[in-house]
Amino acid sequence: MSDQIQDRKNKLDAVRALGVDPYGARFPGLTHNAAIRAAGEKLAIEPGQINESPQARFRAAGRLHLARDTGKLIFLTLRDWSGELQWALSKKAIEEASERRSGAVTTGGADVPPGPTALPGEAALPGEGALTGPTAFPGEAVFPPGAIAWQIAKTLDLGDIVAAEGRLGRTKTGELTLWVSHLTMLSKCLRPPPEKWHGLSDVELRYRKRYVDLLANPESQRQFILRAKIIDYIRGVLHARGFIEVETPVLQPIYGGAAARPFTTHHNTLDMELYLRISPELYLKRCLVGGLERVYEFARCFRNEGISPRHNPEFTMLELYQAYGDYHDMMEISEAIIAGAAREVIGSYRIATKRERATERRSDGATEGSDSTRNRGSDPSRGREGAGSSAHPDPSADARDSDDGSRGRSDASDALDFTPPWPRRRYAELFGEHVGLSIDDTAAVRARAAELHRRKQIGLDPSKADDAVVIGALFEHYVEPKLINPTFVIDYPAPLCPLTKRHPTDARFALRFECFVNGMEMGNAYSELNDPAVQRETLAAQLRGEGDETMAVMDEDFCEALEYAMPPAGGLGIGIDRLCMLLTGSPSIRDALLFPLQRAPG
RNA sequence: GAGGGUGUAGCUCAGCAGGUAGAGCAACGGCCUUUUAAGCCGUUGGUCGUGGGUUCGAGUCCCACCGCCCUCACCA
């Protein structure tokens, strides 16, 4: 077990004995693989040739993913977060090179401009490609003399992080290749990485050791880069509409804004019980009272509830509030955010559903299997998920393909269609449609619920619940799973909505919508209640309705805030983790979270 | 909380109806200057999640426990 680690430690010592620090320093002037490849395509290099022009000289770094050592010639496949690049190390060429301070040379990398929509790694980032003189930063990595560099090359292990300088060329087979003249090690990998072809597939290990998942599985990196881009996109939408980002307390003496059990904690110096927030709502509304007219927060929330493929104890919720708006404005913003992210980040209003993706994965697996036996290794472009030599620098490319519907995939009509506007359906109407009972027929509704409870299909015991709660349980059971394409469910039963304005013509309903996609709640919005007297009463009613499981208390300060007058407003909450699940086709929320909570290992 | 599934080498997986634990990758030694999951020759590596039990004999059967996954329930 530790044999391989010991072998690697021995090599670590060997590198040190050569006078090279195996945990190297700053490496300025590097160009990422995708940018090198893009530049290389423009150079029109013939197979078997190396381009000697200054534009073909690059400094590169990355993690060693594959190695093919043919003796005096070594091919390495390097990976960074933009993609892969093949390096070739010729014993003769490297041994002839002399020691070189790393930043002191001109390379082609400086000529690559960052694109406006560049991914991380797609183009030069600040501090990269910028050339620095040898004295500017004394702590730079130094390339050792060639003879030593070659010895280091011979000790490389998969997973090591290395740096090189070289010239672009193509091999006989046409593969764009950096012919390395200078090489050094930047960080020694002491543990063997997962299998090079299958990556890390054990789900438990992928969650517990996400760093291994990320370094071994490019599609995992893609997942989280996409998440970042989705969040960036949302910020852009909100800023364009004049919203400002604010931060409100996670540690709260009184929790509220949702019905959930909180985590509790304690502040030592103040000797005060505190709760981790279950929602930012009541603080964001205080901002409205104070005249911050359009605010939003990407709020990490914590709920001490069950864990499931769509629930994690901590999760990220976008909440935003717009003064002088109402829930109709929130519907429009929801569309702008969600459909916009689908189109701009993923590349299409149509997104493959989980089931489609599952099917796709299975068929891909079959293809892969037959390939490996039929024409094993004969087609380098037939990599796993684009992880091969043609690694695509744009992580959204995979999903974008789902738009053309011409790839023999399952029927495109199964895909989710985010094209706005989305249908607005009244709660009571949908209830009647799918439950088959009138929402007003209390007796029948209760009878149905009792029957479901007897059959253990719903947990709620209707004999112990208010009418509205029973209705809500039936709605969840019958209606929500049917809401596949994006749908706004509007006008909820008022008792379910303690923070919402009543409908002006029918006080039984509240000006609230929830947005459902693929049977999952994605968003929740109100025309916010701003009458302090009504607010105080509905909160009190909600508190009375709570069982003894929660210990919520009236938030007097919040009620007082409303007494200073809160403008009428629309408020919206969107589950960011779930949105990412949806847009990236992830079946579990854990796939949308970098480090999902796992039980402590025994 | 209930039910189902799962746990074998660093990784990906085989392991038949109980009969001394296997492959590929990785690693180690050797050969190779155009490889593409490089190839060839040789070699190392496992308290089969943990603990009990049945049996002459348990990775395999039984029980308990632990982790993970799924379904349901709980949960705006």
Side-chain angles (χ1 to χ4, degrees), chain A residues 1-8 10-11 47-48 65-77 84 86-94 157-159 169-175 177 179 190-208 212 216 257-261 278-279 303-311 313 317 368 371-372 376-384 387-390 453 455-460 469 472-473 475-477 480 492 496-499 512 514 521 523-524 542 549-550 573 575 587-588 590 596 598-602:
Chain A
M1 195 271 272
S2 66
D3 284 358
Q4 295 202 36
I5 294 176
Q6 191 54 53
D7 288 335
R8 285 165 180 257
N10 292 343
K11 290 179 184 175
H65 180 236
L66 295 172
R68 297 170 289 282
D69 183 347
T70 71
K72 297 188 180 64
L73 181 64
I74 303 174
F75 292 99
L76 304 176
T77 301
E84 296 185 344
Q86 174 166 277
W87 293 1
L89 282 61
S90 155
K91 181 171 192 283
K92 186 161 180 287
I94 285 185
D157 284 309
L158 300 186
R170 287 189 187 278
T171 61
K172 280 185 195 167
T173 53
E175 171 109 9
T177 299
W179 289 85
L190 291 179
R191 291 176 181 271
E195 211 247 9
K196 59 194 180 188
W197 185 245
H198 298 95
L200 187 67
S201 61
D202 182 290
V203 286
E204 182 175 354
L205 282 181
R206 290 185 57 211
Y207 297 151
R208 286 189 190 278
V212 181
R261 279 180 289 172
I278 58 173
S279 157
R303 297 186 182 177
N304 206 338
E305 307 279 2
I307 296 177
S308 85
R310 46 182 69 177
H311 299 268
M317 182 158 62
E368 185 179 295
D371 276 357
S372 60
R376 169 178 180 152
S378 66
D379 183 355
S381 71
R382 201 184 296 269
R384 159 178 51 111
S389 61
S390 63
H453 181 65
R455 285 191 274 149
K456 299 195 186 250
Q457 302 209 314
I458 60 174
L460 180 85
V469 174
F475 191 89
E476 278 178 34
H477 185 260
E480 291 183 6
Y492 272 62
L496 297 176
C497 318
L499 298 164
R512 169 190 186 181
E514 285 194 14
E521 179 199 339
N524 183 14
Q542 189 193 29
E549 282 197 332
T550 58
S588 168
R590 294 179 213 98
Q598 297 286 99
R599 205 181 295 259

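In what follows, chains carry the letters A, B, and so on, assigned in the order in which the sequence lines appear, proteins first and then strands, with residues in each chain numbered from 1.
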So what does [X] hit on the nucleic acid, given a heavy-atom distance under 4.0 Å: a base, only sugar-phosphate, or nothing?
X: A:P309; answer: sugar-phosphate
X: A:S201; answer: sugar-phosphate
X: A:I94; answer: nothing
X: A:D202; answer: sugar-phosphate
X: A:A67; answer: sugar-phosphate
X: A:N524; answer: base

Using a distance-only criterion (donor-acceptor N/O pair, under 3.5 Å, no hydrogens), is the base of [N] paired with the side chain of [X]?
X: A:Q4; N: B:A26; value: yes
X: A:Q86; N: B:U35; value: yes
X: A:T70; N: B:U33; value: no

Mapping A:W179 and A:L205 to their closest nucleotides on RNA chain B, which lands nearer the 5' end?
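The answer here is A:L205.
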**Item:** Any side-chain donor near an acceptor of the partner, A:R310 and A:S308, under 3.5 Å
**Value:**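 On atom types as modelled, these side chains do not qualify, holding no pair under 3.5 Å.
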With a cut-off of less than 4.0 Å, is there a side-chain N or O of A:R590 near OP1 or OP2 of B:C68?
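Looking at the OP1 and OP2 atoms of B:C68, neither is under 4.0 Å from any side-chain N or O of A:R590.
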Reckon A:R599 has a side-chain N or O less than 4.0 Å from the OP1 or OP2 of B:G67?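 Answer is yes, contact under 4.0 Å.
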Check the distance between [N]'s [atom2] and [X]'s [atom1] and give it to me in whole angstrom.
X: A:W87; N: B:A38; atom1: CH2; atom2: P; answer: 16 Å
X: A:D3; N: B:G10; atom1: CG; atom2: P; answer: 10 Å
X: A:L200; N: B:C13; atom1: CG; atom2: C1'; answer: 14 Å

**Asked** Among all residues two or more places apart in sequence or in another chain, which pass the ring-ring contact (aromatic ring centres under 6.0 Å, His included) test with A:F75?
**Response**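 Counting only residues at least two positions away or on another chain, A:F75 forms no ring-ring contact (aromatic ring centres under 6.0 Å, His included).
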